[in-house]
Amino acid sequence: MDRLHSMRAFVRVIDAGSFAGAAREMNQSPAVVTRLVADLEEHLGARLINRTTRRLALTDIGEAYLERTRAILTEVEEAEALASSATSEPRGHLRVLAPPAFAVHQLAKHLPAFHEQYPKVTIELAAPGPVEGMDEAFDVTILSVARRPLDGDFVARRLARSEVIACAAPAYLDRRGRPQHPGELSGHDAMLPSFLREVSFVRGLFGDDEPGGETVSIATARPLLGTTHIDMLYAAALHGLGIAGLPSFVAEDALREGALERVLPEWRLFDATLYAAMPTRKHVPARTRVFVDFLVKAFGGEDRDPWLIAAGCETAKRQ
C-alpha cells in the first residue's frame with residue numbers, strides 16, 4: 001500500500017464530501033478511491049469514516065487522524081517545494097477557491113496568459129458560492145473583504161479594490177432618464193441582492209476604513225428583481241430590465257463596450273478589497289508563488305479600482 005497516496009485519498013474524500021467527488025478530483029474511479037481508504041483503515045485497524053447512503057461522517061478517531069494527516073501532507077508538500085525550488089519551471093497541480101463572479105469575469109480571461117507562461121501548472125478551480133474566509137483545503141483562496149481587517153492564520157496579498165456601482169443599459173436610461181442624485185432612484189426599476197432592505201450611496205473619500213464624505217441611505221421597496229446571483233443581475237441589466245448594483249470587476253467589459261452605462265458616476269455603494277490568500281507555510285510551492293505573483297501583477301496590487309480605470313469611469317474623488 002502506498003501510504004501517502006491512501007492518506008491523500010482520505011483527505012480528498014472528506015474535502016469533496018463523497019468518494020465520487022474525490023475520485024473526479026484525483027482522476028480515479030470511485031472503486032479505486034474506496035479501496036485506498038479501506039486499505040488505510042485496515043492498516044490502522046480503525047474505522048475512519050462512517051458511511052451511509054446519504055452522507056459520510058468522520059468517526060472520533062477519523063477526526064483526530066484527519067488533523068494529523070493534513071499536517072503530515074503539508075510537511076511533505078513543503079519538503080517537495082523546498083527540493084524543487086531550484087528548478088526553473090514551476091509545475092504541478094494548483095487548487096484555487098474563488099467567488100463565482102470573480103472566477104467568471106476575471107480569472108477566466110487571465111488564465112490563458114498564465115498557462116502560456118507556466119504550461120506545466122494545472123489548475124482546479126472551485127467556485128461554489130460566497131467565500132467567507134481562507135480555506136486550508138486550497139492552495140490559494142480569493143477573498144473579497146469589505147471594511148474589516150483580515151483575520152486568520154494565513155498570508156494574503158492585495159490584488160485590488162473593487163467598487164460596487166450602479167449600472168444600466170443605455171437604452172433603459174434613454175427611456176427612463178438618467179438620475180442625478182440617489183434620491184431620484186425611487187422612480188426607477190431597481191435590481192438588488194434579495195437580502196438588502198436599505199442601500200447607502202457614498203460620495204467622498206476612499207480607504208480601507210469606514211467611508212468618509214456624504215452618504216445617502218435609501219430604503220428599498222420590493223425591487224423589480226431581487227436575487228443573490230450576481231450574474232443574473234448583470235444579465236438583466238444588459239437586457240435593459242433596470243438599474244443594478246454590480247461590482248466593477250463584473251461590469252468592466254460591458255462598461256468598456258458601451259453595453260452598460262454607469263449611473264451616478266460620483267457615487268458608489270461600497271468598496272471591497274480583493275486578496276489572494278495562502279495557508280501559512282514555511283515553504284510555498286513554486287506553482288503557488290508564481291500564480292499569486294501573476295494575479296498581483298494582472299490586477300495591480302494597489303488600493304485602487306483597475307476595472308473602473310480601464311473602463312474610463314473611475315469615481316471622482318471628492319473631499
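Excluded from the calculations below are hydrogen atoms, water molecules and symmetry mates; all remaining heavy atoms, backbone and side chain alike, are included. Everything numeric in this text was worked out from a predicted model, so none of it was measured.
Counting only residues at least two apart or on different chains, the salt bridge (charged side-chain N to carboxylate O under 4.0 Å, His left out) pairs with a member in residues 112-122 are Glu89-Lys120. For residues 231-244, the set of pairs meeting the side-chain hydrogen bond (donor to acceptor under 3.5 Å, both in side chains) definition, not counting sequence neighbours, comprises His105-Asp231. The salt bridge (charged side-chain N to carboxylate O under 4.0 Å, His left out) analysis of residues 26-36, with sequence neighbours excluded, yields the pairs Arg35-Asp39.
Evaluation of the side chain to side chain donor-acceptor pair (under 3.5 Å) rule for Ser162 yields Ser248 as partners, not counting sequence neighbours. Looking at residues two or more places apart in sequence or on another chain, you find no ring pair (Phe, Tyr, Trp, His ring centres under 6.0 Å) involving Phe19. For Tyr172, the side chain to side chain donor-acceptor pair (under 3.5 Å) test picks out His188, with sequence neighbours left out. Contacts of Thr122 classified as side chain to side chain donor-acceptor pair (under 3.5 Å), with partners at least two apart in sequence or in another chain: His93. Taking Ala22 as the reference, Arg12, Val13, Ala16, Val33 meet the side chain to side chain contact (heavy atoms under 4.5 Å, CB included) condition, with sequence neighbours excluded. Residues meeting the ring pair (Phe, Tyr, Trp, His ring centres under 6.0 Å) test with His5, sequence neighbours left out: none. Residues forming a ring pair (Phe, Tyr, Trp, His ring centres under 6.0 Å) with Tyr118 (at least two apart in sequence, or on another chain): Phe114. Checked against ring pair (Phe, Tyr, Trp, His ring centres under 6.0 Å), Trp267 has the following partners two or more places apart in sequence or in another chain: His181. Remark: Arg47 pairs with no residue by the side chain to side chain donor-acceptor pair (under 3.5 Å) rule, at least two apart or across chains.
A distance-only check finds a donor-acceptor pair linking the side chain of Arg95 to the backbone of Ala137 [under 3.5 Å].
Between Asp253 and Lys109 there is a salt bridge, with a side-chain nitrogen of the basic residue lying less than 4.0 Å from a carboxylate oxygen of the acidic one. A salt bridge links Arg70 with Asp15: the closest approach of a Lys/Arg side-chain nitrogen to an acidic carboxylate oxygen falls below 4.0 angstrom.
In this structure, the ring of Phe299 has its center no less than 6.0 angstrom from the ring center of Phe249.
The side-chain heavy atoms of Gln106 and Leu159, taken from C-beta on, include no pair separated by under 4.5 Å.
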